[in-house]
Amino acid sequence: MHFNFSPYAGLLVISAILAAGVSYSAWQRRQTSGGASFAAMTISGAIWAFSSALEMAAADLAVKVTLSKVMYVGISALAPFWLLFALNFTRRIVLRGWRHLWLWIMPVITVALTFTNEWHGLIWSEIKLISTYPIPTAFYAHGSWFWVSVIYNYLLIITGIAALISAITRFPEIYGKQTVGIVIGAALPFVANIFYLLPKERHYTFDFTPLAFALTGVIYWFTIFRFRLFNLTPVARDTLIENMREGVIVVDTDGHVVDINQAAQNIFHFETRPVGKPFTQAFKDWTAFLQVYERYTHTTLPYHHNGRHFELEITALKDKKGGAVGRLLLLRDITERERIERQIRIQGVALEAAANAITITDQNGIIVWINPAFTTMTGYTLEEVRGRTPNVLNSGKHPPEYFRELWSTIKAGQVWHGEITNRRKDGSLYTEEQTIAPVRDQNGEIVQFIAIKQDVTERKQLERLRDDLTHMIVHDLRNPLMILRGSLEILEDAGIAGEEPEEAMQLASASTRRMLTLVNSILDLNQLEAGKMPIERREISLPQLMNDVIGTQMNIARRRGQTLRAYFDEAIPALWMDDRMIERVLQNLLDNALKFTPEGGLISVSARMVSGVAVAVSVKDSGLGINPDLRGKLFEKFVFDRLPGWGNGLGLVFCRMAVEAHGGTIQVEDTSQTGTTITFTLPVQPPPS
């Protein structure tokens with residue numbers, strides 16, 4: 001076996017060596033997207049170039065044919081591996097495992113036909129030596145399957161180039177440079193092969209395609225080590241780094257910026273990406289940032305920049321063998337987080353210092369935190385109640401239904417407010433006024449409950465003392481007043497002679513009646529406030545009740561020269577009410593109207609339906625009206641006790657409480673120099689049983 005190497009064959013050997021070197025570099029990065037297929041593609045080119053060099057140097061035709069058959073192994077494999085690399089690298093389609101087996105049907109057939117060409121001539125229809133000096137040269141007349149194979153390979157190569165060209169517009173600058181280098185490297189052999197296949201003189205058979213791989217190898221070598229092809233794939237960068245809110249900077253072992261995402265570019269106000277520049281040059285205007293970079297290879301520490309607060313994380317990047325390949329700098333903007341944490345600290349101090357006891361539970365009512373005021377009020381420390389429910393304070397004074405209603409309220413997202421009698425750690429009972437509010441997360445789900453508690457034991461004791469004192473006073477006054485009134489009535493009936501004793505007895509009788517009315521009013525109001533006054537509801541005709549009350553006042557109105565009129569809506573149904581209580585309301589309102597209406601004035605009483613659900617009763621006089629400053633205080637206790645003609649002011653307070661006890665409302669609708677109108681409402685439907 002004799003070989004005669006020419007300069008051209010030597011160039012092909014160099015091309016093969018370069019292709020093999022590029023394949024080795026790519027294989028070391030085979031875990032990245034497209035790395036393995038790129039390595040396989042370039043080793044296929046190396047096989048093509050090396051076998052082509054040997055075929056050209058071989059002197060014997062049979063050896064040339066055998067080497068040409070080996071050459072077809074590299075030629076047939078190159079196009080499929082090229083397409084796999086292009087699709088994986090650009091993430092157009094990721095083909096792994098059995099999914100790309102269909103690509104190899106044509107190459108396998110082509111290789112099989114090549115090694116059996118002597119039987120059918122589908123690859124080469126004719127093979128012969130056309131010159132022996134100075135270089136033995138073989139002529140290969142192409143068969144029909146050769147052109148099928150060429151068309152198939154061209155389709156794969158063109159598809160891969162199209163995918164890479166489209167990626168140039170999508171990838172950032174450095175990855176665009178990678179892709180341009182790859183496309184140019186692929187185009188050179190492609191163009192050379194087209195030139196080889198063009199019609200030409202029969203004796204001209206040199207194929208410069210393998211030689212083009214020498215230049216392709218140089219381009220790919222430069223792309224891998226200059227632009228760091230496969231150190232970080234464009235897809236990983238596109239889908240992960242560029243869309244991160246954190247600033248990302250990648251620096252290689254030579255101190256050059258390999259990558260920087262848009263967030264980091266915005267942080268440092270770069271108009272263009274400083275990719276490829278030395279880190280110290282790109283960030284020379286940020287001295288503190290440079291000092292941290294130069295001092296640490298792996299750390300996490302705070303970094304302040306342009307009024308913003310960042311968490312700077314520096315991580316050493318290593319390959320599979322543990323060798324350093326660069327550094328990753330990650331900048332997280334924690335300005336808002338620090339603001340929230342500062343706010344939480346302030347709120348925590350406020351909660352700790354609050355005078356009211358505060359409890360925070362999870363959504364299941366398990367205590368997670370209490371403030372010192374809770375310990376002062378109950379005697380329990382945080383360690384003693386954490387992980388337990390507020391039931392630790394249960395005194396047994398409330399029925400289970402009370403707490404079921406409480407939980408149904410707060411679990412429905414509403415605020416509960418009420419009083420609970422609890423038991424301290426030492427066993428003593430106390431009353432707390434409590435407000436419980438739900439806490440929601442960003443999705444609106446209830447995650448915690450916060451309870452604010454105030455010890456109202458002393459206040460409740462004072463209220464009870466006040467009530468007891470009031471009852472004692474009014475009862476002690478009531479009995480002698482009733483005796484005095486009865487005695488005066490007996491004297492009046494006996495008819496003691498003389499004008500002065502008779503007038504004195506009348507005054508005394510009137511005074512006792514007034515005092516007795518006052519005492520009874522105080523008793524009634526206290527019972528209404530405490531909810532202890534029984535309300536005996538019956539179906540009552542409101543117009544009939546109003547007529548009865550108006551009838552008792554008609555003689556008084558005539559003596560004063562006043563006119564008393566009534567107006568009723570015929571559609572008013574029977575109402576469920578305590579007729580004695582509502583009678584007193586009407587009596588009080590009419591007494592006031594008669595009192596403040598001048599001689600010859602008009603008092604009108606009306607009743608009308610309101611939206612079919614309530615009856616509105618209005619009492620209107622034609623007096624001088626009420627001072628606007630006092631209008632909002634008409635229904636408060638003892639407001640008018642020092643105003644001439646107003647009495648003790650308890651009548652209107654009783655009216656308000658009595659109407660509200662029936663589920664209605666009362667208000668001053670109008671007051672002016674031409675009179676005052678007071679209206680109260682009563683519901684039509686009976687209360688639920």
Side-chain angles (χ1 to χ4, degrees), residues 485 488-489 491-493 495 499-500 502-518 520-521 540-570 572 575 577-608 615-627 634-635 640 643-656 658-659 666 668-680 682:
R485 179 184 174 184
L488 290 172
E489 288 176 350
L491 290 174
E492 282 183 313
D493 293 339
E499 185 175 339
E500 289 185 4
E502 183 177 353
E503 183 179 354
M505 284 189 293
Q506 290 176 351
L507 289 173
S509 180
S511 298
T512 55
R513 280 196 299 271
R514 181 178 176 184
M515 292 177 66
L516 191 58
T517 300
L518 173 61
N520 287 330
S521 296
I540 302 297
S541 170
L542 183 61
Q544 181 61 49
L545 180 64
M546 293 172 65
N547 280 328
D548 293 343
V549 174
I550 292 171
T552 61
Q553 301 289 338
M554 194 64 74
N555 289 333
I556 298 175
R558 289 198 191 99
R559 286 200 302 268
R560 298 179 179 177
Q562 299 166 332
T563 303
L564 185 56
R565 294 178 181 172
Y567 306 92
F568 306 108
D569 191 335
E570 295 181 356
I572 295 176
L575 303 181
M577 60 183 178
D578 187 322
D579 55 333
R580 292 172 302 173
M581 196 175 289
I582 300 303
E583 181 180 356
R584 284 182 60 183
V585 172
L586 288 168
Q587 189 72 52
N588 284 335
L589 295 179
L590 274 175
D591 283 344
N592 287 337
L594 291 168
K595 184 186 302 182
F596 295 105
T597 298
E599 185 177 348
L602 173 65
I603 299 99
S604 60
V605 183
S606 63
R608 66 186 185 280
V615 176
V617 180
S618 298
V619 178
K620 181 178 181 181
D621 62 46
S622 55
L624 296 177
I626 301 171
N627 188 330
L634 277 179
F635 302 103
F640 304 110
L643 297 177
W646 275 98
N648 53 51
L650 296 179
L652 290 177
V653 179
F654 174 83
C655 292
R656 174 178 62 82
V659 169
I666 186 169
V668 180
E669 280 200 342
D670 185 33
T671 178
S672 64
Q673 293 182 354
T674 60
T676 300
T677 302
I678 295 179
T679 300
F680 67 90
L682 295 172

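Worth saying up front: this structure is predicted, and the values here are computed from it rather than measured. All residue numbers in this chain count up from 1 along the given sequence.
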With distance as the sole test, does [X] use its side chain to make a donor-acceptor pair with the main-chain N or O of [Y] at under 3.5 Å?
{"X": "S618", "Y": "S606", "answer": "no"}
{"X": "R608", "Y": "V617", "answer": "no"}
{"X": "Q562", "Y": "T597", "answer": "yes"}
{"X": "D621", "Y": "T676", "answer": "yes"}

First locate atom [atom1] of [X], then atom [atom2] of [Y], and finally report the distance between them rounded to the nearest 0.5 Å.
{"X": "F568", "Y": "Q544", "atom1": "CZ", "atom2": "CD", "value": "9.0 Å"}
{"X": "L589", "Y": "T677", "atom1": "CG", "atom2": "OG1", "value": "11.5 Å"}
{"X": "L602", "Y": "L564", "atom1": "CG", "atom2": "CG", "value": "8.5 Å"}
{"X": "R656", "Y": "N588", "atom1": "CZ", "atom2": "CG", "value": "13.5 Å"}
{"X": "I572", "Y": "M546", "atom1": "CD1", "atom2": "CE", "value": "7.0 Å"}
{"X": "S622", "Y": "I603", "atom1": "OG", "atom2": "CD1", "value": "6.0 Å"}

- Heavy-atom distance under 4.5 Å between the side chains of E583 and D548, does that happen here? no
- Task: Report yes if the side chains of F680 and V615 come closer than 4.5 Å at any heavy-atom pair, otherwise no.
- Result: no
- Task: Identify the two heavy atoms, one from L542 and one from L575, that lie closest to each other, and give their separation to 0.1 Å.
- Result: CD2-CD1, 3.9 Å
- Item | Closest approach of E599 to R560 (non-hydrogen atoms, all atoms of both residues) | CG-O, 3.0 Å
- Message: Using the rule given for side chain to side chain contact (heavy atoms under 4.5 Å, CB included), can you reason through N592 versus L652, listing the C-alpha separation, both sets of side-chain angles and the distance that settles it, and then say yes or no?
- Response: CA-CA 9 Å; N592 287 337; L652 290 177; 3.7 Å; yes
- Message: As a quick check of understanding, evaluate side chain to side chain contact (heavy atoms under 4.5 Å, CB included) for V659 and M581, giving each step before the final call.
- Response: CA-CA 9 Å; V659 169; M581 196 175 289; over 6 Å; no
